[in-house]
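In each ligand, atom 1 is the first atom listed, and ligand 1 is the first ligand listed.
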Amino acid sequence: MAEPGAAAHHDHGGGELRTVEEVRASILDRVGVLAPIELPLQEAWGCVLAADMIAGGDMPAFSSSAMDGFAVRAEDVSEATSDSPASLRIAGHSLIGHMPEATVGAGEAVRIATGAPIPAGADAIVPIEYCVVREADVLVIRSFPEGASVRPVGQDVRSGEVLVPEGRRLAGPDLGLLASSGRNSALVHPRARVAVLSTGDELVDPGRQTAFGQVRDANAYTLFGGLRDAGATPYLGGIIPDDPEALKEAVLGLAVRADCFISSGGVSVGERDVVKKAFFKRGDVDFYKVAMQPGMPQGFGRLDDVPYFGLPGNPVSVFVSFEVFIRPALLKMMGRRDIFRPHIMTTLDANISGPRDKLQFARVRVWREGGEWHAVPTGPSASNLLSTVSRANGLALIPLGVDTAPAGSQVRVMLFRALEEGS
Ligand code: AMP
Ligand code: MG
């Protein structure tokens with residue numbers, strides 16, 4: 001059943017199925033990397049650096065002592081032994097955070113604390129345990145080579161070197177390095193701000209009483225978690241009734257503050273194709289069927305130049321569609337280089353059956369045993385069974401052309417949760 005006037009534009013609006021790979025590639029082609037912005041370090045955490053950060057000076061900026069002791073000239077202690085110590089005049093102190101009180105001339109030493117600047121003239125540190133203080137003099141009982149216990153200028157990073165390269169996703173140590181170089185902000189690709197709408201007359205917010213036949217809005221929360229996990233900033237726009245005008249208004253109202261929209265529900269062929277009716281005439285959102293299970297009906301396009309994903313309403317379809325299409329697109333937008341979940345080969349511990357003409361994403365629990373990865377389905381494949389996703393840590397990919405992957409066979413699994421958390 002085709003929409004009137006839709007046939008010409010929507011090549012895939014009828015029965016034809018597009019492959020997951022083709023749909024994902026075309027979505028990735030149609031989303032761009034978000035323009036970089038300068039963000040304070042705390043906000044830049046987890047974001048991808050958009051330009052090489054160059055050291056503006058040597059790090060460390062001054063040479064300092066690695067020990068408590070005395071700063072000396074190595075040549076003055078080169079003959080020192082416990083039987084015949086070198087006697088040096090104490091010329092002053094060097095304290096952390098201050099200019100040394102004195103320089104070190106021939107026959108002199110400056111008392112120094114760990115981290116304090118090396119006084120001019122000194123080229124070695126004698127640790128305190130090799131020193132005997134005698135009023136104004138210090139006796140040194142061992143020789144030390146030039147550079148002993150000295151942390152040289154620029155040992156960590158040289159002025160002009162790349163501190164943190166473009167493309168790095170900023171973690172704690174990167175922020176620390178930038179901070180110590182004197183930066184309090186960084187040019188990064190920002191987090192994608194993603195507006196989420198749930199469509200359906202039957203939906204109510206969680207925490208509300210449901211009348212018979214009403215359904216609580218699960219999808220907004222599934223998506224919220226997925227978005228946070230991807231490093232995006234979710235904005236839950238609430239429940240929209242099955243009314244094309246209401247949806248259009250909600251989406252356009254949010255357009256100014258979103259880098260991406262997701263709606264769930266109302267994309268299948270049927271009387272209440274609210275999303276299609278709201279958008280297909282604008283010509284820039286396509287609705288099509290993908291050879292996948294769950295998640296067959298999908299919509300994607302741009303609205304006011306903002307990427308828009310129209311997902312089916314079933315909770316499992318929402319999760320799988322998010323993982324398969326939306327997450328990689330958002331990671332690309334945020335400048336990430338590794339945009340796909342890790343895949344591993346596992347041994348199936350039970351049969352998984354599914355449609356031969358679709359790529360099936362079966363919810364599985366994966367664990368490691370005897371040096372091998374195992375996977376077992378977490379429940380039946382119906383796309384309304386959200387507990388089967390909650391219990392899972394992976395999606396097993398049962399390829400096109402296979403209707404049963406038998407127990408004992410090898411299947412590829414996409415991991416979506418840290419392994420220790422799923423068990
Ligand atoms: P639809 O794609 O709108 O036909 O919805 C398919 C199924 O998913 C129906 O049973 C809906 O009640 C259910 N559904 C749609 N949206 C949500 C939602 N946000 N949370 C939970 N279930 C939903
Ligand atoms: Mg609906």
Side-chain angles (χ1 to χ4, degrees), residues 1-3 6 10 12-13 15 17 23 194-228 234-251 254 258 260-280 285-301 308-326 355 358 361 363 379-392:
M1 178 181 108
E3 290 287 343
H10 299 273
H12 305 283
L17 296 178
V23 167
V194 183
V196 173
L197 297 167
S198 303
T199 72
D201 286 341
E202 76 282 23
L203 299 179
V204 294
D205 278 322
R208 289 270 184 112
Q209 296 288 346
T210 47
F212 181 78
Q214 288 188 319
V215 172
R216 294 198 182 88
D217 176 10
N219 294 345
Y221 296 89
T222 302
L223 290 168
F224 178 90
L227 290 165
R228 271 288 175 88
Y235 175 78
L236 300 190
I239 295 166
I240 311 298
D242 284 322
D243 165 14
E245 282 310 310
L247 180 61
K248 207 184 279 185
E249 212 163 281
V251 166
L254 289 167
C260 178
F261 289 107
I262 305 171
S263 72
S264 67
V267 296
S268 53
V269 177
E271 231 209 299
R272 305 213 149 198
D273 295 358
V274 53
V275 179
K276 274 189 189 180
K277 287 195 179 106
F279 295 119
F280 85 97
V285 176
D286 288 325
F287 292 92
Y288 44 81
K289 292 178 178 170
V290 187
M292 68 191 285
Q293 201 277 314
M296 185 184 69
Q298 297 278 337
F300 176 75
Y308 174 86
F309 292 88
L311 304 184
N314 271 310
V316 181
S317 309
V318 163
F319 175 74
V320 171
S321 309
F322 178 84
E323 286 292 327
V324 172
F325 300 118
I326 303 182
K358 292 183 186 126
F361 293 90
R363 292 84 87 182
S381 67
S383 54
N384 58 330
L385 306 178
L386 200 44
S387 77
T388 63
V389 191
S390 174
R391 281 196 296 273

Notebook entry, point to check: Only one of Pro297, Ser264, Pro294 clears side chain to side chain contact (heavy atoms under 4.5 Å, CB included) with Pro312; which?
Noted result: Pro297

Note to self: With side chain to side chain contact (heavy atoms under 4.5 Å, CB included) as the criterion, how do Arg363 and Leu385 come out once you've worked through the C-alpha distance, each side chain's angles and the decisive distance to 0.1 Å?
What the structure shows: CA-CA 10 Å; Arg363 292 84 87 182; Leu385 306 178; 4.2 Å; yes

Checklist line | Nearest non-hydrogen protein atom, atom 4 (O) of ligand 1 | finding: Ser268 OG, 4.0 Å

Distance-only donor-acceptor hits, side chain of residues 315-326, under 3.5 Å, sequence neighbours excluded:
from   : atom 1 : to     : atom 2 : distance (Å)
Ser321 : OG     : Gln298 : NE2    : 2.8
Ser321 : OG     : Ser317 : O      : 2.5
Glu323 : OE1    : Arg341 : NE     : 2.8
Glu323 : OE2    : Arg341 : NH2    : 3.1

Check: Any donor and acceptor pair, going by atom type alone, linking the side chain of Asp201 with main-chain N or O of Asp242 inside 3.5 Å?
Finding: yes

Check: Is the number of heavy atoms from other residues, nucleotides or ligands under 6.0 Å of Glu249 CD greater than 12?
Finding: no

Margin query: Please list the nearest protein heavy atom to atom 20 (N) of ligand 1 with its residue and the distance rounded to 0.1 Å.
Written below: Ala218 N, 3.0 Å

Item checked: Protein heavy atom at shortest distance from atom 19 (N) of ligand 1 -> Asp217 OD1, 2.8 Å

Margin query: Does any N or O of ligand 1 fall below 3.5 Å from an N or O anywhere on Gly313, backbone included?
Written below: yes

Checklist line | ligand 1 versus Glu202: contacting region, heavy-atom distance under 4.0 Å | finding: side chain

Margin query: Determine whether Leu223 and Leu311 satisfy the following criterion, side chain to side chain contact (heavy atoms under 4.5 Å, CB included), listing intermediate values before the conclusion.
Written below: CA-CA 11 Å; Leu223 290 168; Leu311 304 184; 4.2 Å; yes

Checklist line | Nearest neighbour in protein (non-hydrogen) for atom 1 (P) of ligand 1 | finding: Gly266 N, 3.6 Å

Next item on the list: Could you tell me whether Val215 approaches ligand 1 through its side chain, its backbone, both or neither, with non-hydrogen atoms closer than 4.0 Å?
Entry: side chain

Notebook entry, point to check: Please state which protein non-hydrogen atom is closest to atom 7 (C) of ligand 1 and give its distance, to 0.1 Å?
Noted result: Asn314 OD1, 3.5 Å

Check: Where on Leu203 is there a heavy atom closer than 4.0 Å to ligand 1, on the side chain, on the backbone, on both, or on neither?
Finding: side chain

Margin query: Give me the nearest non-hydrogen protein atom to atom 21 (C) of ligand 1 as residue plus atom name, then the distance to 0.1 Å.
Written below: Arg216 O, 3.4 Å

Check: To which protein heavy atom is atom 16 (N) of ligand 1 closest, and what is the distance rounded to 0.1 Å?
Finding: Asn219 ND2, 3.4 Å

Check: Given the rule in the side chain to side chain contact (heavy atoms under 4.5 Å, CB included) test, do Val389 and Thr222 qualify, once you have shown the distances and angles that lead to the verdict?
Finding: CA-CA 10 Å; Val389 191; Thr222 302; over 6 Å; no

Next item on the list: Look only at interatomic distance and state if Pro315 has a nitrogen or oxygen under 3.5 Å from any nitrogen or oxygen of ligand 1.
Entry: no

Check: Among all residues two or more places apart in sequence or in another chain, which pass the ring-ring contact (aromatic ring centres under 6.0 Å, His included) test with Phe261?
Finding: none

Margin query: Tell me whether ligand 1 is touched by Gly200 - counting only heavy atoms on the residue side and a distance under 4.0 Å.
Written below: no

Margin query: Taking Arg208's backbone N and O only, do any of them form a donor-acceptor pair with Arg216's side chain (distance below 3.5 Å, no angle check)?
Written below: yes

